[in-house]
Amino acid sequence: MAKRRQLYEGKAKVIFEGPEPGTVVQYFKDDATAFNNKKQGTITGKGVLNNRISEYLMVKLADIGIPTHFVRRLNMREQLVREVEIVPIEVVVRNIVAGSLAKRFDMPEGTPLPRSIVEYYYKSDELDDPMISEEHITAFGWATPQDMDEIMSMSLRINDFLVGLFLGIGIRLVDFKLEFGRVYEEDQMRLILADEISPDNCRLWDKDTNEKLDKDRFRRDMGNVEGAYQEVARRLGILPESGPGDIPGTDTMQ
Ligand code: TMP
């Protein structure tokens, strides 16, 4: 395979130069981190599953009119996506109390929220992704008030749609994290959904048993992390038939 230029390496993905202008290749690794890299590990086959799961969800979201970066899947671990300028904000949408919200307010995990809560965090490993408000975002110029209106309304639509989609396969969407990017078309800037949507950045609980089917199994050393990701893919009807782990890692792909 021809050598490609690596543009960026994150904790779970690598971004390579794309085959055509305005595109990049998003490669999904099996590496897992938690607590801002303090905990590191490998979840065998995770990259293959997240590639498929994120594709599936982004295509469904595009069907309801949410603009996304997804262009097409290239192979088991790679997808072609639009090149964006990432807005340095993590948007977290919550439907049920869990994780850092449970900790911050000393509330039991599993308490349903009377309305969905949207939170913003500044994307900065050095600062440990501090929680921020729209005031910080606009004052520091990370996004304009108009951008934030759009991000908020897209995030709530995405939440409504995904809550229903997951409930249809017996899963409660507890919370999740989104990232948005800017693209420029004929001098016009547009915000589109970027990054990934997968069990790495969602909390997914079985509707009947509350069994965790997401990265909390890794964060909390609960075991069977691969099995949980596979179960999500299986219920979505997209479990790769040959099993999750059949193509080599990044080294041999470059
Ligand atoms: P939290 O409860 O730890 O704040 O996480 C809320 C949701 O956001 C959860 O579904 C996991 C996801 N998330 C990420 O994707 N990346 C992160 O860096 C963090 C802190 C959370």
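Because the structure is a prediction, the values reported are computed rather than measured. Here, residue 1 is the first one in the sequence, and each next residue gets the next number.
A donor-acceptor pair is defined here as one N or O able to donate and one able to accept, closer than 3.5 Å; no such pair exists between the side chain of His69 and the backbone of Ile192. The backbone N or O of Lys123 lies less than 3.5 Å from no partner atom in the side chain of Asp129, so there is not a single donor-acceptor pair. In this structure a side-chain-to-backbone donor-acceptor pair under 3.5 Å is present from Thr68 to Phe70. In this structure, Arg77 contributes its side chain and Tyr27 its backbone to no donor-acceptor pair below 3.5 Å. Without hydrogens or angle criteria, Thr111 side chain to Pro108 main chain gives a donor-acceptor distance under 3.5 Å. Asn51 places a side-chain N or O within 3.5 Å of a backbone atom of Asn75 that can act as its donor or acceptor partner. For the pair Lys215 (side chain) and Thr33 (backbone), a donor-acceptor distance under 3.5 Å is present. No donor-acceptor distance shorter than 3.5 angstrom exists from the side chain of Asp160 to the backbone of Arg157, with no hydrogens or angles considered.
Classification of Glu20 and Arg82 as a salt-bridged pair fails, no side-chain N sitting under 4.0 Å from a carboxylate O. Between Glu78 and Arg4 a salt bridge is recorded (basic side-chain N to carboxylate O distance below 4.0 Å). Of the charged side-chain nitrogens involved, none lies within less than 4.0 Å of a carboxylate oxygen, so that Asp31 and Lys11 do not count as a salt-bridged pair. No salt bridge links Glu226 with Lys46; every basic N to acidic carboxylate O contact stays at or beyond 4.0 Å. Using a 4.0 Å cut-off between charged nitrogen and carboxylate oxygen, Asp206 and Arg235 count as a salt-bridge pair. Using a 4.0 Å cut-off between a side-chain N of Lys or Arg and a carboxylate O of Asp or Glu, Lys29 and Glu9 qualify as a salt bridge. Taking a cutoff of 4.0 Å between a charged side-chain nitrogen and a carboxylate oxygen, Asp175 and Arg203 qualify as a salt bridge. Using a 4.0 Å cut-off between charged nitrogen and carboxylate oxygen, Glu109 and Arg220 count as a salt-bridge pair.
Here the shortest heavy-atom pairing between Gly47 and Phe28 reads O-CB, 3.2 Å. Between Thr138 and Thr144, the shortest heavy-atom contact is CG2-C, 3.9 Å. Residues Ile86 and Ala194 come closest through the heavy atom pair CD1-CB, 3.9 Å. What you find for Trp142 and Val87 is that their closest heavy atoms are O-CG1, 3.9 Å. Of all heavy-atom pairs spanning Asp214 and Cys202, the tightest one is CB-O, 3.2 Å. Of all the heavy atoms in Ala228 and Leu213, the pair that sits closest is CB-CA, 3.7 Å.
Put simply, the side chain of Asn201 does not reach to within 4.5 Å of the side chain of Leu178, judged on heavy atoms. Pro67 is not listed as a side-chain neighbour of Leu191, based on a closest heavy-atom distance of 4.5 Å or more. Side-chain contact between Ser198 and Leu49: absent, with no pair of heavy atoms (C-beta onward) separated by less than 4.5 Å. Side chains of Lys13 and Glu196 form a contact here, defined as non-hydrogen atoms less than 4.5 Å apart. Proximity of Leu193 to Met58: side-chain heavy atoms (C-beta onward) are separated by under 4.5 Å at one or more points. Looking at Asp30 and Ile43, their side chains never come closer than 4.5 Å, going by heavy atoms from C-beta outward. Between Arg172 and Ile96, the closest side-chain pair of non-hydrogen atoms falls below 4.5 Å. Here the side chains of Met148 and Ile137 are in contact, with some heavy-atom distance below 4.5 Å.
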Q: Start with the C-alpha gap between Ile117 and Val93, add the side-chain angles, then the distance that decides, and say whether side-chain contact (heavy atoms from CB on, under 4.5 Å) holds.
A: CA-CA 6 Å; Ile117 293 178; Val93 185; over 6 Å; no

(Q) Checking Leu156 against Val118 for the side-chain contact (heavy atoms from CB on, under 4.5 Å) test, could you report, in this order, the C-alpha distance in whole Å, the side-chain angles of both residues, the deciding distance, and whether it holds? (A) CA-CA 8 Å; Leu156 291 174; Val118 180; 3.7 Å; yes

Q: Let me see the working for Tyr229 and Glu231 under side chain to side chain donor-acceptor pair (under 3.5 Å), right down to the final yes or no.
A: CA-CA 5 Å; Tyr229 282 58; Glu231 178 61 13; over 6 Å; no

Q: Determine, step by step, whether Asp63 and Lys60 satisfy the salt bridge (Lys or Arg N to Asp or Glu O under 4.0 Å) criterion, reporting the C-alpha distance in whole Å, the side-chain angles of both residues, the deciding distance to 0.1 Å, and the verdict.
A: CA-CA 5 Å; Asp63 284 347; Lys60 292 276 178 206; 5.0 Å; no

(Q) Working note: Val81 + Thr23, criterion side-chain contact (heavy atoms from CB on, under 4.5 Å); need CA distance, chi angles, decisive distance, verdict. (A) CA-CA 6 Å; Val81 298; Thr23 65; over 6 Å; no

Q.
Could you go through Leu7 and Phe16, starting from their C-alpha distance and side-chain angles, then the distance that decides it, and tell me whether this counts as side-chain contact (heavy atoms from CB on, under 4.5 Å)?
A. CA-CA 5 Å; Leu7 302 176; Phe16 295 101; 5.9 Å; no

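Heavy atoms of other residues, nucleotides or ligands lying less than 6.0 angstrom from CD of Glu185 number more than 12. In this structure, Arg104 places its CZ atom where more than 12 heavy-atom neighbours from other residues, nucleotides or ligands lie under 6.0 Å away. Within 6.0 Å of NZ in Lys177 there are more than 12 heavy atoms belonging to other residues, nucleotides or ligands. The local environment of NZ in Lys39 is crowded, with over 12 non-hydrogen atoms from other residues, nucleotides or ligands closer than 6.0 Å.
For the atom pair CE (Met152) and CG (Asp147), the distance works out to 13.5 Å, reported to the nearest 0.5 Å. Atom-to-atom distance recorded for Leu165:CG and Ile158:CD1 is 12.5 Å, nearest 0.5 angstrom. The line from CE of Met222 to CG of Asn224 is 10.0 Å long, rounded to the nearest 0.5 Å. A distance of 9.5 Å separates CG in Asp200 from CG in Asp195, rounded to the nearest 0.5 Å. With values rounded to the nearest 0.5 angstrom, Phe218 atom CZ is found 8.0 Å from Gln40 atom CD. Within the model, atoms CG of Leu173 and CG of Leu167 stand 9.5 Å from one another, a figure rounded to the nearest 0.5 Å.
Side chain to side chain, Tyr122 and Glu90 fail the donor-acceptor criterion of an N or O pair below 3.5 Å. A donor atom on one side chain and an acceptor atom on the other are found under 3.5 Å apart for Arg94 and Ser100. Between the side chains of Glu135 and Ser133, no donor-acceptor pair is found at a separation under 3.5 Å. Looking at Gln146 and Asp149, their side chains never bring a donor and an acceptor atom within 3.5 Å of each other. Side-chain contact check for Asn159 and Asn95: at least one donor-acceptor pair (N or O, by modelled atom type) lies under 3.5 Å. Side chain to side chain, Gln79 and Gln26 meet the donor-acceptor criterion of an N or O pair below 3.5 Å.
A continuous path of Ile, Leu, Val, Met, Phe, Trp and Tyr side chains, each step under 4.5 Å between heavy atoms, connects Phe176 with Ile169, placing both in one hydrophobic cluster. Ile132 and Leu101 fall into different hydrophobic clusters, defined by Ile, Leu, Val, Met, Phe, Trp and Tyr side-chain heavy atoms under 4.5 Å apart, directly or through other members. A single hydrophobic cluster is not seen to contain both Val163 and Val92; linkage of ILVMFWY side chains at heavy-atom distances under 4.5 Å, directly or through other members, places them apart. Both Phe166 and Tyr56 are members of a single hydrophobic cluster when ILVMFWY side chains are connected at heavy-atom separations under 4.5 Å. There is a path of hydrophobic side-chain contacts, each under 4.5 Å, that joins Met154 to Phe161.
Ring planes of Phe140 and His136: parallel class, angle under 30° (limits at 30 and 60°).
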